[in-house]
Structures are given as structure tokens and as C-alpha cells.
Amino acid sequence: MRIIGEKINGTRQRVAQAIEERNADLIRDLATQQAEAGAAWLDVNAGTHRSREPDDLIWLVETIQPVVEVPLCLDSANPQALAAAIQVVERTPMINSISGEPRRLEGILPLVAEHGCPVIALAMDDKGIPETCERRMEVVRKVMEAACASGVPDGNVYLDPLAMTLAANTDSALTTLDTMRAIRREFPDAHLTMGLSNISFGLPARSYINRVFLTLALAAGLDCAILDPLDREMKAALVAAELVLGHDRHCLNYTRAYRAGLFNGPRAKASHK
Ligand code: THG
């Protein structure tokens, strides 16, 4: 399981303010903390100010990459912002994301192919997020065809089946898990990733829901997740689930995490995300 650290996101108030004030220290702290906690990529999202997004994303990349070795995951729907950021990035980044929307396929896939980037592909298109597993798979097939036609190998695609809040539809997690299993069957070489916390939006005690959902998603084949690597309770759930699912030979990671104090020690601040 590989983790994309989610904390450098301009939709978070503290991060938006740091971007606005060009507060490099705050951003660099978030970068080093997440890298030390084992993130394989750091998600970098400059927020929603469309006209400023290219400049803000470039500033974030140039601020972060001198202090960490891990590659970045450039999180934007805007082809211009992604193209600008790719010019200043030193290590091949992941691109977050394409989808079935023609504008994103046409604007972003050529960049992905040219730079050999891993890319996240959302199971949605210009009509939104399909209600059913079958219709999400139609979008997935279309995106995989487009990726293949552009010369992007399946192994560089991280499919995101998308999780909607249970508060609006209590079948939402089931649809997402079914979509994951269908993707695993049809595209065995592609990866599966997801932002977990959407599943609990609007509900109390979100961290419990998020942890159970992570566990079920791992059983359905999730091999990469966008989450807060500093959330110890999430990490503990992850390590235990991987052991139970037979992904931890000789229980090495589990016992190592135990010895490092992951299951006791100071608790993560109760995170109700
Ligand atoms: N799929 C893909 N990319 C994504 C998402 C996804 N990128 C953005 C998002 N979803 C995942 N990233 C985050 C980043 C931060 C938080 C949640 C998801 C977060 N939220 C808290 C909350 O909502 O309460 C706290 C906000 C704050 O601290 O201000 O921290 O699904 N491909």
C-alpha cells in the first residue's frame, strides 16, 4: 500500500493562507512531516483561484522540492496549471487527475504521455459521477482506451472509483467497493487509489468510518490511498488490515509498527475528518 500525503491542499484554510502569504515554512513543515511518516508522494493542490493557480502551483513545487526526496502528486483539473508545474518539477510527478471529461483527456493525457508520469483517473465524466458500478465502469473503459491510445501503459494509471458521502446515499460505499472489484478483474495491471475521507462527509466521528472503509477497500484491492500520513489511528488500521489480508510476510511490518509505538503512545489528535 502506498500513501499519497494529502495535507498540502489549498482548500484547507491554513494552507490557503500560507499560499497567499507565501509562507514557505508552513508548507515545508507539512512536506517533511509527511515524507518522514512514509508518504510515497505528496499531493500538491493550490486551491481554487483559477487565474492564480499556475503561479501558486509553481510556488508550491519550488518551495517543497528542496526539502524532500519524495515525488509530488500535482492535484489540479487545469491543464495549464499542470503544464506550468511540470516545467519546474525535478522528479517525475504523479498527475491528479484525468477523467472521462474530454477537456481533461485532451489537455492532460499528452502531458502524462510525454513525461512518463503515473496518473490518477477518476471514474467520472462531464455528466458527473455515475450512480451505478456499471456506468462508472463505462467511464473507466473509455479513459483506459484513451490512455492506451496515447501510449500510457495500464501500470501507470491509478484508477479512482470515487467515494461519495454515506450521508447522502447509504449504498455509496458498496458501489465504490463493487467498482474496485470490477476494475481489478478487467484491468489487473492498473492501480487503485482513492481519497478516503469523502465517504464520511457530514457525519459525526468520521475517523471510525474512514478506518473501516479503508479496511474494506484494501480487501477490494486498493493499493494506494490519498490520506493524512500523520493520522496514527489510520496508520494502525492500515498495518493491521495488511497483516490480516496476507500482505505482511512474517508479520514484519506489524511487529515493527508495534515496537515503534504505533498502537499506543501519544494519540493522534482525534481527527473527525
Ligand atoms: N481523489 C483524488 N484526489 C483528491 C481527492 C479524491 N484530492 C483532494 C481530496 N480528494 C483528497 N485530499 C484531501 C485533503 C485534505 C483533506 C481531505 C482530503 C482534509 N479535510 C479535513 C476536512 O474536510 O474536515 C480538514 C480540512 C482542514 O484541515 O482545513 O484535511 O478523492 N484523486
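Just so you know, ligand 1 is whichever comes first in the structure, and atom 1 is the first atom listed for that ligand. Just so we're clear, the structure is a prediction, and the values are computed from it rather than from any experiment.
Side-chain atoms of I4 and L42, non-hydrogen and from C-beta on, never get closer than 4.5 Å to each other. With a 4.5 Å cut-off on side-chain heavy atoms, N78 and L57 do not count as touching.
Under a 4.0 Å heavy-atom criterion, N9 is in contact with ligand 1. For the pair L122 and ligand 1, a heavy-atom separation below 4.0 Å is found.
The part of S197 lying near ligand 1 is the side chain, judged by heavy-atom distances below 4.0 Å. Using a 4.0 Å cut-off between heavy atoms, V15 makes no contact with ligand 1 at all.
Which of I120, I226, N210 comes nearest to atom 5 (C) of ligand 1 through a heavy atom is settled by distance: it is I226. For atom 16 (C) of ligand 1, the nearest non-hydrogen atom from the set E6, K7, M194 belongs to E6.
Taking distance alone, with nitrogen or oxygen atoms compared against 3.5 Å, N198 stays at or beyond that limit from ligand 1. Checking only distances, D43 never comes within under 3.5 Å of ligand 1, N or O to N or O. Between S97 and ligand 1, no N or O atom pair is found at a separation short of 3.5 Å.
Using modelled atom types, no side-chain atom of R136 and backbone atom of M124 make a donor-acceptor pair closer than 3.5 Å. Using modelled atom types, no side-chain atom of Q33 and backbone atom of L230 make a donor-acceptor pair closer than 3.5 Å.
Every atom of ligand 1 with a heavy atom of Q13 under 4.0 Å away is listed here by number and element: 29 (O).
For R184, the salt bridge (charged side-chain N to carboxylate O under 4.0 Å, His left out) partners at least two apart in sequence or on another chain are D223. Applying the side-chain hydrogen bond (donor to acceptor under 3.5 Å, both in side chains) test to R141 and every residue at least two apart in sequence or in another chain returns E186.
Aromatic ring centres of F213 and Y208: separated by at least 6.0 Å.
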